[in-house]
Amino acid sequence: MTVFRKAELLISPIAADVLEGLSEQPKRLPPKLFYDAEGSRLFEEITRTREYYPTRTERAILQDFSGDIVRAAGSNLTLVELGAGSASKTRVLIRAILCRQLRLDFHPVDVSPVALQEAVRSLNGDFPRLHVTPIAADYSRHLPELRSQPGRKLVLFIGSTIGNFEPGEATEFLGRVRASLSTGDALLLGFDMVKDPRVLHDAYNDAAGITQRFNKNVLARINRELGAAFDLDKFRHVAFWSARKSRIEMHLESLADQSVSVPDLSRTFHFTLGERIHTENSYKFTPESIAGLLKQSGLKLEKTWSDPRQWFSVVLARS
Ligand code: AVI
């Protein structure tokens with residue numbers, strides 16, 4: 001008997017995004033392509049650089065105010081974390097919740113099974129009254145069914161990941177999260193704030209060059225997964241603050257006139273000297289822009305916690 005394998009299983013999941021993005025003018029690649037195993041590892045490394053303040057600032061806010069945050073969220077909580085990654089900052093909230101209730105169900109949701117395994121591994125054993133049920137899902141496309149979870153839900157979308165969405169996408173996504181909440185449920189969001197442009201610039205141009213490696217890894221990933229022939233030395237990392245758009249933009253700039261073949265797409269892409277591939281936007285917020293985004297998404301802002309320099313905000317919202 002001849003067995004046919006399904007064609008889509010033979011194509012890398014990044015193929016369609018790469019074909020579409022590199023065929024556009026100007027060229028672009030969606031930031032979700034950063035996060036293969038190597039990209040996720042490099043991101044963790046970025047969070048430990050001296051210049052990249054968002055992760056440690058958000059962690060400090062969660063540490064300083066965990067009791068207050070959990071009290072504001074309410075009693076008998078079930079915790080859901082969208083884009084859990086390794087759930088490292090979540091430990092602080094788990095500890096605070098378990099001071100107030102006997103048992104906690106925690107559902108980390110992430111597209112990466114490796115990240116979920118890491119979340120379970122890092123929490124296991126540390127909290128005997130914690131029950132972790134990971135959900136592998138691309139939450140940006142399909143939100144898991146949250147209404148059926150018992151208790152009052154506290155949904156976490158921290159890490160300022162909302163800043164990597166375009167404004168329209170952010171409103172649409174938060175509107176879907178709102179629609180999945182029941183009365184009494186709450187959403188906890190992390191927002192990186194507008195600040196001194198030098199601080200912003202340095203956070204995305206660290207001296208050790210980790211962000212540069214993270215940005216270029218997207219080309220290395222296309223080489224690995226689609227058999228492409230990108231020469232990483234023929235592109236340079238570019239990251240700058242745009243005050244007008246209130247965002248850091250990341251690009252990869254071609255250092256030569258060059259053609260790169262991508263055999264698995266049966267395509268060759270041409271890059272002129274100085275041409276850029278737009279790889280990421282990281283929006284920065286003000287109290288006004290946060291209020292506007294939540295309002296447009298049908299959410300009510302209940303409380304905001306911040307650090308002394310007001311560099312980062314953690315916001316509790318309800319439907
Ligand atoms: C994941 N995200 C919030 C990071 C950010 O700051 O926008 C991704 C990142 N890009 C470069 N450095 C970090």
Side-chain angles (χ1 to χ4, degrees), residues 28-59 61-62 81-90 108-112 115 118-119 138-140 156-167 169-170 173-174 188-197 199-221 235-242 245-253 276-285 289-290 293 307 311-315:
R28 58 171 190 89
L29 288 167
K32 66 177 179 190
L33 300 193
F34 285 138
Y35 300 96
D36 66 348
E38 176 63 0
S40 302
R41 193 193 65 70
L42 285 167
F43 177 63
E44 289 299 318
E45 221 177 299
I46 287 174
T47 65
R48 292 191 292 271
T49 62
R50 183 180 50 78
E51 296 90 340
Y52 193 78
Y53 61 84
T55 310
R56 70 175 68 92
T57 310
E58 184 180 49
R59 182 178 287 119
I61 297 170
L62 295 176
E81 182 167 9
L82 303 176
S86 61
S88 65
K89 278 171 282 179
T90 321
V109 184
D110 203 286
V111 69
S112 156
E118 174 55 21
D138 181 356
Y139 63 86
S140 67
L156 309 180
F157 192 50
I158 54 179
S160 195
T161 309
I162 195 70
N164 297 130
F165 287 47
E166 290 307 304
E169 289 170 1
F173 172 70
L174 291 181
L188 194 71
L189 290 155
F191 292 96
D192 192 17
M193 306 301 278
V194 172
K195 57 185 65 62
D196 182 338
V199 175
L200 289 167
H201 177 273
D202 290 355
Y204 293 82
N205 291 281
D206 60 284
I210 315 293
T211 309
Q212 168 186 186
R213 281 165 57 203
F214 173 76
N215 198 7
K216 287 189 179 186
N217 176 60
V218 74
L219 300 182
R221 182 177 183 190
F235 287 86
R236 86 177 174 99
H237 165 74
V238 176
F240 60 88
W241 167 242
S242 164
K245 296 189 171 156
S246 196
R247 69 191 193 192
I248 288 280
E249 292 189 16
M250 287 213 318
H251 300 257
L252 288 164
E253 184 177 297
R276 290 177 178 179
I277 310 172
H278 193 162
T279 50
E280 187 181 62
N281 289 323
S282 190
Y283 284 86
K284 308 301 169 192
F285 296 83
S289 67
I290 293 174
L293 171 61
D307 55 293
W311 278 9
F312 202 95
S313 293
V314 171
V315 169

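Computed from a predicted model, the values in this text were never measured in an experiment. As the structure lists them, so they are numbered: ligands from 1, and atoms in each ligand from 1. Counting from 1, the numbers follow the sequence of the chain as shown.
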Does any N or O in the side chain of D307 come within less than 3.5 Å of the main-chain N or O of E58, such that one atom is a donor and the other an acceptor? no
Using the side chain to side chain contact (heavy atoms under 4.5 Å, CB included) rule, take T55 and K89 through it: C-alpha gap first, then chi angles, then the decisive distance, then the call. CA-CA 9 Å; T55 310; K89 278 171 282 179; 4.2 Å; yes
Side chain to side chain contact (heavy atoms under 4.5 Å, CB included) between L293 and F285, worked out: CA-CA 10 Å; L293 171 61; F285 296 83; 4.1 Å; yes
Parallel, tilted or perpendicular: which fits the ring planes of Y204 and Y52, with parallel below 30° and perpendicular above 60°?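 Geometry flag for Y52 against Y204: perpendicular rings.
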Identify all N/O pairs between ligand 1 and the protein with a separation under 3.5 Å and present them as a table of atom names and distances.
residue: ligand 1; atom: 2 (N); partner: N164; partner atom: OD1; Å: 2.9
residue: ligand 1; atom: 6 (O); partner: Y52; partner atom: OH; Å: 2.5
residue: ligand 1; atom: 6 (O); partner: Y204; partner atom: OH; Å: 2.5
residue: ligand 1; atom: 7 (O); partner: N164; partner atom: ND2; Å: 3.0
residue: ligand 1; atom: 7 (O); partner: S282; partner atom: OG; Å: 2.6
residue: ligand 1; atom: 10 (N); partner: E280; partner atom: OE1; Å: 2.7
residue: ligand 1; atom: 10 (N); partner: E280; partner atom: OE2; Å: 3.4

Measure centre to centre between the rings of F157 and F191, then say whether the value is under 6.0 Å.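 Not close enough - the centres of the two rings lie 6.0 Å or further apart.
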Using distance alone, with no hydrogens and no angle criterion, decide if E166 and Y283 have a side-chain donor and acceptor under 3.5 Å apart.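 A pair is found: one side chain offers a donor N or O, the other an acceptor, under 3.5 Å apart.
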